[in-house]
Trainee: 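Here it is, the structure in full.
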Protein chains: 2
Amino acid sequence: MMTPMMNTQLTITSLMAHAEQINGSVEVVSVTADNPRHRYTYREAFARARQLANVLQSLGLEQGDTVATFAWNDYRHLEIYYAVSCSGMICHTINPRLFPEQIEYIVNHGQDKWIFVDLTMVPLLESLQHLMPEVKGFVVMTDQAHMPETSLTNAKCYEALLADQATEFSWPELDENTPSALCYTSGTTGNPKGVMYTHRSTLLHCYASIAPDVFGLSVKDVALPIVPMFHVNGWGMVYSAPMTGAKLVMPGPKMGCGETLCKLINEEKVTVSAGVPTVWLALLDYLKKTNSTIDTLNRLTVGGAACPFTIFDDFRNKYGVDVQQGWGMTEMNPLGTFNGNAPAVVNDMPAEQYDKMRLKQGRPVFGVEMKIVDADNKPLPWDGKSAGAVKVRGPWIINEYYRYDGQTLDDDGWFETGDVASIDEYGYMQITDRVKDVIKSGGEWISSIELENCAVNHPKVAEAAVVGMPHPTWSERPLLLVILHEGETLSREEMLAWFEGKVAKWWIPEECLFVDALPHTATGKLSKKDIRAEYADFSWPNL
Amino acid sequence: MMTPMMNTQLTITSLMAHAEQINGSVEVVSVTADNPRHRYTYREAFARARQLANVLQSLGLEQGDTVATFAWNDYRHLEIYYAVSCSGMICHTINPRLFPEQIEYIVNHGQDKWIFVDLTMVPLLESLQHLMPEVKGFVVMTDQAHMPETSLTNAKCYEALLADQATEFSWPELDENTPSALCYTSGTTGNPKGVMYTHRSTLLHCYASIAPDVFGLSVKDVALPIVPMFHVNGWGMVYSAPMTGAKLVMPGPKMGCGETLCKLINEEKVTVSAGVPTVWLALLDYLKKTNSTIDTLNRLTVGGAACPFTIFDDFRNKYGVDVQQGWGMTEMNPLGTFNGNAPAVVNDMPAEQYDKMRLKQGRPVFGVEMKIVDADNKPLPWDGKSAGAVKVRGPWIINEYYRYDGQTLDDDGWFETGDVASIDEYGYMQITDRVKDVIKSGGEWISSIELENCAVNHPKVAEAAVVGMPHPTWSERPLLLVILHEGETLSREEMLAWFEGKVAKWWIPEECLFVDALPHTATGKLSKKDIRAEYADFSWPNL
Ligand SMILES: Nc1ncnc2c1ncn2[C@@H]1O[C@H](COP(=O)(O)OP(=O)(O)OP(=O)(O)O)[C@@H](O)[C@H]1O
Ligand SMILES: Nc1ncnc2c1ncn2[C@@H]1O[C@H](COP(=O)(O)OP(=O)(O)OP(=O)(O)O)[C@@H](O)[C@H]1O
Ligand SMILES: [Mg+2]
Ligand SMILES: [Mg+2]
């Protein structure tokens, strides 16, 4: 198409070229299974990506082919990201914590041709490879010295393959709508579904995410993405760090280890990080136990699940770190809203009100159009009270699930997120529930998340889940499941009395059961569909 | 085209919708000819833009039509920007300081249908309207009370037109490659040429320009664009401020008035500003004379011409303001390079070396691909020494001048900027000259800009220009023209001796003439083509 301005395509290849030329001397530091602290520069990373592109060709892979990774956040995974996507192939990152049947489904549904596998995950794949008949071979991400004996068919050593190849490679010119990466949803509410990112969606997400009011990523930063690269591209930091020239620090298999994280932050002078709530709880725990500090860190992003107040408060008051919440999903590349810098009207609020605002999921990032609707798909007001199903539109939001028969978008072209939220007059969204988890009681909605938050504020409660169970009069009523802290005891009546005055009377759970464990998904979220299945035969005591 | 992610178009309309919904309550403050301090919110601005869109329709204007503005930076100009572009029409901003024959050429070449004119520029247009036979009418940007008697044909009052219209308007769905605005180059080196921006180029430029290492624009900011909206969209701040929720402060006709600028900064708590060097000299002058301070301002951008060291140094040391240089051009929307946050390797340099780095034009903004080439179009190394013609590529760089017979791009699809520069290993570009102004002496290049900088560092020199004049032995030799400060005297020999030890011996100007005035363009740049024309008959004394 003839346009008055150049029709230059937004490709990851252009990002890589920019990063190599402008930020080539900036460091990339990784923890790996075969090296406790590997370091090199972006320049070396992209030279090796070109070697790897030659490897991909030599393996017989072609544009449009899918290449899978079972890997942690480290420099080899970074090289694979760029080599695969910029070759016009699809980088399919897989969560190794998924259940075997989910992995089987995903590898076959994704039509993966080759799999790159971290040293630590070789045993896992050995046990699963008979379920992946179409996979042609495996590349173990290590050097000759660490190459294991393995039953994986057609197993190659990553470093040996690279060593045979030149650092010259001529990247293909790609249309910006070329698919670049594939990631499946967490499977919290059903089967994982495939989301195919494009070069365009990745680049636009990248531009939007580095804005000062979002990640605010700069050449002055040292970034530590703790959110795994096997889930929604590590929230894009493996793209945005090289793009801006931020130094990149990656924890490899030590993602959940407070000690490693604390050391990396202090030794590499990390300024910004991102991860799910459980990671931050692990780090806080370690910091308290060891009386350590993390002085260089000035902000961190928490997302993937609601942020408990303690995370926000402890980091701010004890360690001087601003906790910035993000909300998003696999289908959104992932960024939807962000709670970073606040407008003056929020900054000027009294402390308690300000904290409440900062605990919300944040304001839509520019590029994400958002609405909340009622059961009839009518838009609800942004009054901070009306809660409805969240729908979104935008250039990094899914159009169609990968190889999917159902309908991905509604009839007007909006994507229904599956989340229920309110939005206030300043644009702050607050998630109250999932559409599938919200409890429909007497024609009104009860937020299961709010009840869970209330329950875990009880000093004796370690974890809580609330699900709606069928009820003859009210359609559904809330059932509370509670795990107590070790050694604690609490009666059903005491637990339920705790809610009085804290939530509306008719919200108070109908029944409370004490349990030893609750089912979780591979990304560590409560699996309410499993809870509902487990209690399918439950009946209310006083009926 | 079917894409796995939504193919949402990047339009100014989407930016406006976002800004209205998320940042609707943020203020826009303007100085205008009819009001010393007008203030309202983005919400009101965009409601009025919808009224104006109805006005445009009622005037018979259609998608693809060109609507011109002769206007300063103020809220009505802002409304016109959005109403015109989002209606699918083209907002053609015109520099009122151009020479009459340039204005005639531009209005007719741009095929302007209607002209919006500031109160202060009515007399100018009255004197020129006979040269614009295709223009159907004029809208005077004022209210009924201030509406002047005017000989403009078909003259309408802006506020009267708006008052008749509803605030509802259904914006058309636009392809992102739809033209949005038209701006002509400054005409420094020849006739002004038309550059047609698109919605896509504007949005991508906007995303890139708000990055932390560029303008770093945030919801926490109060932005004062002093760079005129009639030149390259005021460097995009009228888009990026609403997009991020920064408060927007606009100086109207008082752009060059140190007192107004100082007052606006202090009273509106401005944090960031942008303008050409002359504006900053005017402000510094006022601050010194009145012993004023500008405490809220923490950074400012200077661009359009090289930044004298005094601007950088005085703002930093006397007023605590970081001066960040940008380089760009009409053909680049305008941003090409930016000298904002520096990488660690630069920050750690000794003070003198650091200052030298900060006076360079900066590093390419992500999206701008850059190379420097020699006379044979061979790429030169990025060694900070080799100087060559700068060529660029990217999504906000011109593809084809508007209604132009010549070739806009080179055979490989690069745009030749007309600037000569070196680039160092960290990606910092330093402009040494214009291709048309560089002095070719004995097969080597002499930078006219460097000689001018050296001359103005002499305490008695107010302004200097260096042009290459034909020379029988050396092809060209530098001729220096000097304006002395009032009351000062200096001999030819003293002036030339000043260069000794400061530049290479063979760079020292061949001759020096003292003059009373030097010709400038409408954007205040030295017009070397006029100087060369004026001295066409010059001959070297010692030949
Ligand atoms: N900051 C947050 N606060 C609360 N919930 C969040 C936040 N960020 C993400 N979420 C939840 O995570 C979901 C996105 O998660 P993800 O895409 O990993 O898969 P999933 O929705 O858990 O799984 P599936 O779609 O397969 O059921 C969101 O829809 C939302 O429910
Ligand atoms: N920071 C800067 N330092 C030095 N020169 C600059 C800087 N920024 C811009 N310029 C100069 O300004 C030019 C762009 O100016 P503009 O687009 O307004 O028109 P022009 O080039 O002066 O006029 P024309 O193209 O009609 O001759 C650049 O090509 C460069 O020469
Ligand atoms: Mg989901
Ligand atoms: Mg030019």
Side-chain angles (χ1 to χ4, degrees), chain A residues 1-10 14-15 17-18 21-23 25-26 177 179 195-198 200-201 204 207-208 210-213 216-220 243-245 333 341-345 347 363-364 366-367 369 382 393-400 402 409 413 415 425-427, chain B residues 1-10 14-15 17-18 21-23 25-26 177 179 195-198 200-201 204 207-208 210-213 216-220 243-245 333 341-345 347 363-364 366-367 369 382 393-400 402 409 413 415 425-427:
Chain A
M1 178 183 180
M2 188 59 202
T3 56
M5 302 301 279
M6 286 188 193
N7 198 16
T8 311
Q9 297 295 288
L10 305 172
S14 71
L15 191 162
H18 175 85
Q21 202 162 41
I22 310 299
N23 305 315
S25 57
V26 176
N177 287 307
V195 183
M196 184 71 90
Y197 307 119
T198 64
R200 174 177 159 111
S201 78
L204 289 174
Y207 268 130
I210 65 162
D213 299 329
L217 218 61
S218 156
V219 69
K220 296 192 301 185
M243 168 170 157
T244 56
N333 225 111
N341 295 326
V345 57
N347 281 328
R363 293 153 33 103
F366 174 59
E369 197 185 346
W382 290 26
R393 270 199 316 206
W396 56 85
I397 292 165
I398 191 161
N399 192 38
E400 200 168 53
Y402 185 56
L409 306 186
F415 175 68
E425 57 181 314
Y426 312 111
Chain B
M1 178 182 179
M2 188 61 203
T3 55
M5 302 301 279
M6 286 188 193
N7 198 15
T8 311
Q9 298 295 288
L10 305 172
S14 70
L15 191 162
H18 175 84
Q21 201 160 40
I22 309 300
N23 304 316
S25 57
V26 175
N177 287 307
V195 182
M196 184 71 90
Y197 307 119
T198 64
R200 174 177 161 112
S201 78
L204 290 174
Y207 269 129
I210 66 163
D213 298 329
L217 218 60
S218 154
V219 69
K220 295 192 302 185
M243 167 171 158
T244 55
N333 224 114
N341 295 326
V345 58
N347 281 328
R363 291 151 38 102
F366 174 59
E369 198 185 344
W382 290 25
R393 269 200 316 206
W396 56 85
I397 291 165
I398 191 160
N399 192 37
E400 200 169 54
Y402 185 57
L409 305 186
F415 175 68
E425 58 181 314
Y426 312 111

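Note that these values count all heavy atoms, side chains included, but never hydrogens, waters or copies made by symmetry. Note that the structure is predicted; figures quoted are calculated from it, not measured.
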Trainee: Need one label for B/Leu217: side chain, backbone, both or neither, based on atoms under 4.5 Å from any heavy atom in chain A.
Mentor: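 Contact with chain A: backbone only.
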
Trainee: Could you look at B/Val195 and say if it's the side chain, the backbone, both or neither that has a heavy atom under 4.5 Å from chain A?
Mentor: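 Side chain of B/Val195 only, per the 4.5 Å heavy-atom cut-off to chain A.
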
Trainee: Ignoring hydrogens, what is the shortest heavy-atom contact between B/Leu10 and A/Arg200? Give both atom names and the distance.
Mentor: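 That closest heavy-atom pairing would be CG-NH2, 3.8 Å.
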
Trainee: With chain B as the partner, which of A/Glu400, A/His18, A/Glu369, A/Met196 has the greatest number of non-hydrogen pairs under 4.5 Å?
Mentor: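 Answer, by heavy-atom pair count under 4.5 Å with chain B: A/His18.
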
Trainee: Name the member of B/Pro4, B/Gly427, B/Gly413, B/Gly367 that forms the most heavy-atom pairs with chain A at distances under 4.5 Å.
Mentor: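 Maximum pair count with chain A is reached by B/Pro4.
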
Trainee: Ignoring hydrogens, what is the shortest heavy-atom contact between A/Ser218 and B/Asn341? Give both atom names and the distance.
Mentor: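 Closest approach of A/Ser218 to B/Asn341: OG-ND2, 3.5 Å.
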
Trainee: Counting heavy-atom pairs under 4.5 Å with chain A, which one of B/Trp382, B/Tyr402, B/Trp396 comes out on top?
Mentor: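 Top option by heavy-atom pairs under 4.5 Å: B/Trp382.
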
Trainee: Would you say the side chain of B/Pro364 lies within less than 4.5 Å of the side chain of A/Ile22, judging by non-hydrogen atoms?
Mentor: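 Yes. Closest side-chain heavy atoms under 4.5 Å.
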
Trainee: Locate the shortest heavy-atom distance separating B/Phe366 from A/Ser14; write the atom from each residue and the value.
Mentor: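 Shortest heavy-atom separation between B/Phe366 and A/Ser14 comes out as CE1-O, 3.8 Å.
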
Trainee: Considering only heavy atoms, which portion of B/Tyr197 lies under 4.5 Å from any heavy atom of chain A: side chain, backbone, both, or neither?
Mentor: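 Backbone plus side chain of B/Tyr197, per the 4.5 Å heavy-atom cut-off to chain A.
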
Trainee: Give, as side chain, backbone, both or neither, the part of B/Ser201 having an atom under 4.5 angstrom from any heavy atom of chain A.
Mentor: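 The side chain, not the backbone.
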
Trainee: Within this structure, what is the OG-OH distance for the pair A/Ser25 and B/Tyr426, rounded to the nearest 0.5 Å?
Mentor: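 It comes to 7.0 Å.
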
Trainee: Might you work through the side chain to side chain contact (heavy atoms under 4.5 Å, CB included) test for B/Met5 and A/Asn333, ending with a clear yes or no?
Mentor: CA-CA 9 Å; B/Met5 302 301 279; A/Asn333 225 111; 3.6 Å; yes

Trainee: Please state whether the side chain, the backbone, both or neither of B/Ala17 comes within less than 4.5 Å of a heavy atom of chain A.
Mentor: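 When you check distances to chain A, no heavy atom of B/Ala17 falls under 4.5 Å.
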
Trainee: With rounding to the nearest 0.5 angstrom, report the CG to OG1 distance, A/Leu204 to B/Thr8.
Mentor: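 Answer for the CG-OG1 pair, A/Leu204 versus B/Thr8, is 9.5 Å.
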
Trainee: Test side-chain hydrogen bond (donor to acceptor under 3.5 Å, both in side chains) on A/Asn177 and B/Thr3 and set out the steps.
Mentor: CA-CA 7 Å; A/Asn177 287 307; B/Thr3 55; 4.7 Å; no

Trainee: Using the side chain to side chain donor-acceptor pair (under 3.5 Å) criterion, which residues pair with B/Asn23? Sequence neighbours excluded.
Mentor: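 For B/Asn23 the side chain to side chain donor-acceptor pair (under 3.5 Å) partners, ignoring immediate neighbours, are A/Arg363.
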
